[in-house]
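Here the structure is laid out as structure tokens; the discussion comes afterwards.
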2 protein chains.
Amino acid sequence: MTLKSIAQRLDVSTASVSNAFNRPDQLSADLRARILKECARLGYHGPNHAARSLRTGKSGIVGVMLADSLAYNFKDPCAIEFMRGVAESLDNQRVNLLLMPGGESSFDQQALETIPDCFILYGPPNDRSVLGRLQSQHKPIVAVDFTIPNHLSLNIDNYQGAYEAAHHVFSKVGTVDGTLDSTAVAVVGLRLLDQQAISTIAGRTLFEADVSISRVRLDGFRAAARDLGCALPDSLVWHTHDSAWNDGVEAAELALQTQPRPRALLCMSDQLALAALSVARSQGLRVPEDVAIVGFDDIPAAQQSHPSLSTVYQPSLEKGRLAARMVMAPDKHHNTVLPTKFIVRESSALK
Amino acid sequence: MTLKSIAQRLDVSTASVSNAFNRPDQLSADLRARILKECARLGYHGPNHAARSLRTGKSGIVGVMLADSLAYNFKDPCAIEFMRGVAESLDNQRVNLLLMPGGESSFDQQALETIPDCFILYGPPNDRSVLGRLQSQHKPIVAVDFTIPNHLSLNIDNYQGAYEAAHHVFSKVGTVDGTLDSTAVAVVGLRLLDQQAISTIAGRTLFEADVSISRVRLDGFRAAARDLGCALPDSLVWHTHDSAWNDGVEAAELALQTQPRPRALLCMSDQLALAALSVARSQGLRVPEDVAIVGFDDIPAAQQSHPSLSTVYQPSLEKGRLAARMVMAPDKHHNTVLPTKFIVRESSALK
DNA sequence: TTGAAAGCGATACCAT
DNA sequence: ATGGTATCGCTTTCAA
């Protein structure tokens with residue numbers, strides 16, 4: 001069943017059949033009705049996507065490229081909220097969404113990259129080469145949570161959120177009996193270094209702030225400490241590669257092993273913080289009395305945990321919605337930074 | 001940059017360039033290396049997907065059609081786990097995934113349906129007409145959580161899980177002082193009727209068991225009650241249209257309003273049960289002492305709630321993995337029913 | 001091993 | 001308002 005065969009059967013031109021589907025104003029209502037009716041009867045359900053796309057150069061699909069594998073992102077509550085926001089905006093515009101992994105890409109994968117009309121990049125793709133490829137297509141691109149020169153970007157105010165969180169924590173536990181305590185606060189960081197292993201950042205080279213949101217968060221932490229006259233030694237800042245439960249557990253165990261034991265843990269994601277919470281509990285530590293714990297993101301589970309988690313709220317859903325709107329109408333938008341907000345809950349509620 | 005222009009620049013045939021990408025054995029290693037190198041230099045990143053797909057009739061994409069909108073499914077923990085499973089299997093095979101909404105579809109949407117090489121249908125599509133359209137394409141289809149004649153299907157044992165859950169609940173609260181109590185248990189059901197409004201099923205026409213997994217669960221509940229000599233009156237079985245928080249709250253409020261108040265709530269999803277939990281709490285009811293609550297699915301939040309939620313575990317992740325494997329190799333698979341298992345936790349832990 | 005050419009299914013220009 | 005036809009970029013058969 002092709003458009004052509006339909007045209008022959010009805011003894012009209014292919015153009016008319018095509019127009020019946022795509023440009024109702026180009027033919028009489030009568031003819032259009034007849035064509036559409038016959039198509040339904042013969043089981044022709046409309047133009048083939050590949051052919052139409054080849055001819056028009058458009059696909060009606062927005063590509064959402066994730067930083068790494070799809071499976072990983074389906075485990076990340078922030079990514080899920082983000083995708084939900086994108087889906088919501090796109091649904092409204094009757095546009096479709098192709099999820100693309102940002103890992104190493106074979107030739108077959110690369111062919112995929114030619115499908116979408118525009119791209120939302122959720123974080124810098126693991127495979128750095130895709131960036132150049134996408135740019136060479138000259139299609140709209142929106143970078144989320146990072147920046148690409150000469151393209152729209154959408155970020156959140158990591159610095160401010162981190163600053164507020166750290167300010168709160170340091171002012172609670174940064175001094176002991178009025179004297180500065182440089183061992184009071186440890187950080188469970190995420191992707192601060194270019195390594196898989198969990199370790200402190202002491203003596204290592206950090207990612208720069210322009211490529212790593214974690215680095216920005218760390219800078220926020222540090223600034224708050226400094227402004228309060230406190231210190232945040234590198235030897236108390238831990239790096240993890242993934243935000244997965246196991247990494248959080250391992251890093252939290254190491255962090256809480258330090259002598260003297262830190263009185264607070266600043267975590268760079270709620271997932272890490274939740275894992276830390278469970279480590280603290282299993283070590284018989286009271287939260288927040290023995291150790292305060294603060295997260296980042298404000299995923300749904302943060303409110304539901306016990307104790308509930310103090311954290312930095314970021315508007316993941318709204319970020320997704322906006323990213324979709326931006327990429328659909330790039331000319332009507334500017335680079336944007338969405339606000340974040342520190343939320344005090346039980347896990348840091350020291351008097 | 002097209003394959004043809006590359007061929008001209010290098011003074012070779014288009015066939016050779018194509019072969020360089022697709023069939024290394026069809027040309028000398030030297031020539032291939034030269035072609036690939038020049039492509040990289042000139043910024044040709046491989047064949048255009050639409051053209052290749054038009055020509056070969058394959059796309060390297062698996063379509064995952066959800067029952068309704070994408071946004072709705074990104075809110076459903078089961079759907080997310082399922083998609084994660086699919087993504088995991090597909091990642092391994094270097095195949096890609098196109099998420100497709102199963103709601104009402106415009107012509108543009110219908111064009112999308114011609115892209116994938118095969119389809120996973122996660123629940124019966126809201127728009128019933130897509131089923132016929134997909135079938136007429138003669139591509140592999142796997143139906144998940146429902147059945148299509150002459151196509152592979154993958155289900156879970158809803159009946160057994162529901163039976164176990166209800167058996168547990170009725171044997172705890174089904175009799176009072178040794179006499180049968182037909183008001184002991186209410187059901188918060190999901191999509192039992194073809195209506196949006198929340199109501200009991202008394203006097204209404206239920207979906208049949210072959211199109212509604214909820215109906216199967218209800219049948220399991222009923223059978224367990226019957227086997228224990230108890231009753232499950234239609235007037236205590238509530239229907240909701242969505243598994244969203246608000247629906248759960250509303251249905252639970254109505255259910256708990258019945259006089260005498262039910263001693264247990266059998267909910268058809270954990271989302272509904274969690275909402276019921278919160279209703280019970282806000283009414284000052286103790287769970288499980290005043291009212292026991294049981295869910296279905298065993299989403300992650302079920303263990304984390306307080307009290308933790310008794311529920312029927314279903315292997316959503318594994319279901320996704322298997323669905324992907326089935327659709328990629330339909331001949332090697334048969335219709336499958338995955339087991340479910342009732343898990344007792346605190347919300348029904350009556351002695 | 002390489003090249004020429006047909007054709008995948010649709011669109012849109014240009015005639016009529 | 002309708003029809004004829006070149007063309008989108010690529011794959012693949014067949015011949016050289």
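Numbers restart at 1 for each chain; the letters A, B, ... are given by sequence-line order, proteins then strands. Because the structure is predicted, anything quoted here is derived from the model rather than measured. The analysis underlying the following values was restricted to heavy atoms, covering all of them including side chains, and did not include hydrogens, waters or symmetry mates.
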If you apply the rule side chain to side chain donor-acceptor pair (under 3.5 Å), what do you find for H49(A) with S59(A), and how did you get there?
CA-CA 8 Å; H49(A) 180 91; S59(A) 65; 5.0 Å; no

Gap between atoms [atom1] and [atom2], on [X] and [N] respectively (whole Å):
X       : N       : atom1 : atom2 : answer
K58(B)  : dC10(D) : NZ    : C1'   : 16 Å
Q110(B) : dA10(C) : CD    : P     : 13 Å
Q8(A)   : dT5(D)  : CD    : P     : 13 Å
D11(A)  : dG4(D)  : CG    : C1'   : 14 Å
H49(A)  : dC8(C)  : NE2   : C1'   : 15 Å

Would you jot down, in residue-number order, the residues of residues 13-41 of chain B having a non-hydrogen atom under 4.0 Å from DNA chain C?
S13(B), T14(B), A15(B), S16(B), Q26(B), L27(B), S28(B), L31(B)

Within the 4.5 Å heavy-atom criterion, are [X] and [Y] side-chain neighbours or not?
X       : Y       : result
V62(A)  : L97(A)  : no
R133(A) : D127(A) : yes
L154(B) : N335(B) : no

Protein-nucleic acid N or O pairs under 3.5 Å, nucleotides 7-9 of chain D:
unit_1, atom_1, unit_2, atom_2, d
dT7(D), O2, R55(A), NH1, 2.8
dG9(D), N2, A51(B), O, 3.3

Is there a ring-ring contact (aromatic ring centres under 6.0 Å, His included) between F21(A) and Y44(A) once you walk through the steps?
CA-CA 11 Å; F21(A) 285 104; Y44(A) 178 77; 5.8 Å; yes

SB check R215(A) D210(A) (cutoff 4.0 Å)
no

Approximate separation, where rounding is to 0.5 Å, of [X] [atom1] and [Y] [atom2]:
X      : Y       : atom1 : atom2 : result
L98(A) : L112(A) : CG    : CG    : 6.0 Å
K4(A)  : S13(A)  : NZ    : OG    : 12.5 Å
M83(A) : C78(A)  : CE    : SG    : 11.0 Å

Bend angle of the helix from dT1(C)-dA16(D) to dT16(C)-dA1(D) from five-pair axes at both ends, rounded to 10°?
30°

If only side-chain N and O atoms count, and only distance matters, is there a donor-acceptor pair under 3.5 Å linking R84(B) with N73(A)?
no

Please evaluate residues S153(A) and I148(A) with respect to the criterion side-chain contact (heavy atoms from CB on, under 4.5 Å), reporting the C-alpha separation (whole Å), side-chain torsions for both, the decisive distance (0.1 Å), and the verdict.
CA-CA 7 Å; S153(A) 71; I148(A) 309 177; over 6 Å; no

